[in-house]
Number of protein chains: 2
Amino acid sequence: MAAVRLRDLAAELGLDISTVSRALRGDRRVRPETRERITRLASSLGYRANLRARALAEGRSRTVWLVLPGLERPVERECAVHAGRWLFDRGYDLLLAPHRDDPRAYARILDRLASGGADGALLIPGDVSPSDAPPGDVAAELPLLESGLPFAYLDRSVPGVRAPVATTDNEAAGRALASAAAGAAARSGAALASAVDAFRSGRNPVEAARSRGWRAGMAGLGVPISGLGGGPGPIAVAASTQEEIEAALRDLGDEGRSGPFVAAAFDRWEPRGGPLFAAFVAIQDFRTMAYAAVELLAEGLASGVALETREVLVPLLELRSVGERGMEAGLNE
Amino acid sequence: MAAVRLRDLAAELGLDISTVSRALRGDRRVRPETRERITRLASSLGYRANLRARALAEGRSRTVWLVLPGLERPVERECAVHAGRWLFDRGYDLLLAPHRDDPRAYARILDRLASGGADGALLIPGDVSPSDAPPGDVAAELPLLESGLPFAYLDRSVPGVRAPVATTDNEAAGRALASAAAGAAARSGAALASAVDAFRSGRNPVEAARSRGWRAGMAGLGVPISGLGGGPGPIAVAASTQEEIEAALRDLGDEGRSGPFVAAAFDRWEPRGGPLFAAFVAIQDFRTMAYAAVELLAEGLASGVALETREVLVPLLELRSVGERGMEAGLNE
DNA sequence: TTGTAGGCGTTATCAT
DNA sequence: ATGATAACGCCTACAA
């Protein structure tokens with residue numbers, strides 16, 4: 001019942017292991033009849049190459065890990081599926097390693113990677129706020145860097161870690177949302193009085209870039225960025241998610257503001273009525289982002305060495321307008 | 001820049017490889033001072049054990065794969081997270097291998113597993129309808145079975161494949177939903193006229209078990225199972241998802257039925273008004289299910305051999321009642 | 001076209 | 001407590 005080895009096939013056929021090995025992996029310097037005998041016996045005995053031995057001998061395992069916090073967010077799921085397909089076509093298997101924001105799990109995953117657990121890796125970092133970052137967490141990817149394993153960041157990067165990144169052009173997306181929001185207000189006859197920046201800039205580089213774009217866009221249009229107060233007239237509120245925008249509006253409401261507004265969010269917006277008169281959604285192109293990350297990684301997989309720092313910015317898939325139906329209703333309040 | 005090996009440490013210290021190996025792995029028959037010298041040099045040189053070599057020598061990799069179709073459904077995500085934690089605590093890393101319902105990807109994953117890619121596996125099968133099953137797909141897990149790798153099914157099993165399963169007690173859940181639905185109708189003063197079975201029994205064993213339970217429960221209560229027609233009076237409709245129930249109702253509507261009804265679904269129900277007067281949701285216990293599967297697998301991981309067929313039925317986490325507010329409204333239509 | 005032999009880096013079994 | 005040596009199963013120059 002023990003697994004069949006090359007040695008068993010060779011012994012059975014009176015050949016040498018190396019000949020059997022060559023035949024089974026398609027090396028053409030094996031006489032056709034010999035190859036025939038070998039493949040026949042191999043399949044009849046159910047021979048399967050031992051991947052552990054092959055990985056040791058070849059120095060690679062044709063395996064890539066995608067390290068991510070969890071599976072809840074669309075980025076994670078979509079990138080996983082697409083990157084998996086791209087890599088599959090290149091002969092690699094993509095395995096997902098979720099660390100559940102558990103620092104110990106995260107450390108062990110990176111440690112295994114650095115020890116030859118895979119040929120390369122894609123990393124989607126979790127949120128790192130200065131307060132809840134465990135000591136030494138900044139250096140969590142240190143083993144990876146030292147090992148020289150090729151890896152690339154996906155969606156976001158970790159400041160200070162030198163590695164390539166594939167991410168949405170979030171700054172451009174922020175600017176695009178700004179101009180769309182201002183345009184919608186203008187078309188409705190009431191120019192934007194001010195804009196609210198509800199991005200969580202300190203959270204990660206993505207939020208920071210979106211905030212920069214939004215503020216720059218509004219500045220270029222002459223619309224002032226207001227804090228929680230703000231003057232009368234229609235306002236535009238931007239954040240990464242609908243929930244964050246709604247939370248910001250509740251804060252504004254407490255200070256006397258509940259009038260019409262324009263919403264600018266990413267990826268998803270469910271119309272729920274209320275004083276909204278227009279909503280714009282920046283739809284990210286996860287498919288292309290995953291492709292770009294795989295492209296970045298591919299160089300390293302071929303050469304087997306770590307990659308240079310580089311940033312690939314993927315344009316938005318679409319800037320979608322939703323919920324403009326309620327525009328008049330919003331203005332009539 | 002090449003990776004540091006045991007050999008390098010041994011040479012540097014004038015010791016033998018075997019001593020260094022023992023020291024680094026906590027074997028106590030090494031003189032404390034020697035161990036000290038070794039560990040010091042190892043960490044100063046950044047030594048990392050080569051996992052590929054270790055896996056070959058030890059015959060295992062302390063790695064388990066979770067093979068699943070995708071990451072969309074709650075089962076997949078929740079089981080992945082929980083199983084990952086349980087296995088982590090046992091010293092194993094859980095890696096996710098989504099096959100995107102691509103038969104080639106699926107075959108390659110199972111092939112790698114059978115060739116020693118991991119020490120064990122958990123499988124969440126996709127839907128297999130007789131029509132779209134590619135030829136030979138039934139035997140897709142054949143390599144796995146032949147290899148003797150320990151694995152267990154999670155959530156569902158594949159008929160005909162001998163392996164242990166951890167799944168919800170779907171038949172009991174179906175019965176529970178039946179009695180809850182009938183009870184709600186009785187409490188509202190209008191006994192159930194008939195029940196609709198909208199489960200997709202041919203799709204997979206889970207759907208089949210739910211359907212059996214629902215039918216048996218209704219039979220025990222003397223409520224006839226109706227087809228698309230059905231008589232007058234309140235009816236109960238059961239299916240795995242809200243969408244499937246709504247689809248079934250649209251069909252009923254075409255035949256003249258749009259009156260009040262009781263809904264019985266799994267895991268999720270969003271109240272949306274309409275002629276509904278009660279909804280019951282069977283909430284599955286994914287956490288316990290994942291735990292049970294890991295327990296099943298653990299035996300095999302310890303012994304290294306395939307497991308006996310066995311079925312662990314996990315009770316529902318909860319039978320939740322939602323949307324009963326609309327009961328009177330529904331009856332008044 | 002086939003065989004020989006060394007190597008991949010660790011672990012494990014003997015001696016000493 | 002340490003060292004020599006043989007696995008682990010496969011790959012790959014190099015030789016024949």
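What you see is a predicted model, and the numbers here were worked out from it, not measured in a lab. Lettering of chains follows the sequences in order, A, B, ..., and the numbering in each one begins at 1.
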Could you walk me through whether Phe286(A) and Glu76(A) pass the side chain to side chain contact (heavy atoms under 4.5 Å, CB included) test, one step at a time? CA-CA 9 Å; Phe286(A) 295 126; Glu76(A) 296 161 332; over 6 Å; no
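Contact annotation for Gly14(B): backbone-only contact, meaning every heavy-atom pair under 4.0 Å involves sugar-phosphate atoms and none involves a base.
Axis deviation across the helix from dT1(C)-dA16(D) to dT16(C)-dA1(D) amounts to 40°, comparing end segments of five pairs, rounded to 10 degrees.
Rounded to whole angstrom, the span from the CG atom of Leu15(A) across to the C1' atom of dG3(C) amounts to 10 Å. With rounding to whole Å, Arg28(B) atom CZ is found 15 Å from dT2(D) atom P. Nucleotide dG3(D) holds its P atom 14 Å from the CG atom of Leu9(B), rounded to whole Å.
A donor-acceptor pair is defined here as one N or O able to donate and one able to accept, closer than 3.5 Å; no such pair exists between the side chain of Arg287(A) and the backbone of His82(A). Distance alone, capped at 3.5 Å, is enough to place a donor-acceptor pair between the Arg52(A) side chain and the Gly59(B) backbone. Although no hydrogens or angles enter the test, the distance criterion places a donor-acceptor pair under 3.5 Å between the side chain of Ser303(B) and the main chain of Glu299(B).
Only one option out of Leu307(B), Leu145(B), Leu296(B) pairs with Phe151(B) in a side chain to side chain contact (heavy atoms under 4.5 Å, CB included); it is Leu145(B).
Contacts of Arg162(A) classified as salt bridge (charged side-chain N to carboxylate O under 4.0 Å, His left out), with partners at least two apart in sequence or in another chain: none.
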Heavy-atom contacts, protein to nucleotides 4-16 of chain C, under 4.0 Å, summarised as B (base), S (sugar-phosphate only) or - (none) per nt, yield B---BBBBBB---
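Both cation-pi conditions hold for Arg100(A) and Phe88(B): the charged atom is under 6.0 angstrom from the six-membered ring centre and inside a 45 degree cone around its axis. For the pair Arg5(A) and Tyr47(A), the cation does not sit on the ring face, since its NZ or CZ is not both under 6.0 Å from the ring centre and inside 45° of the axis.
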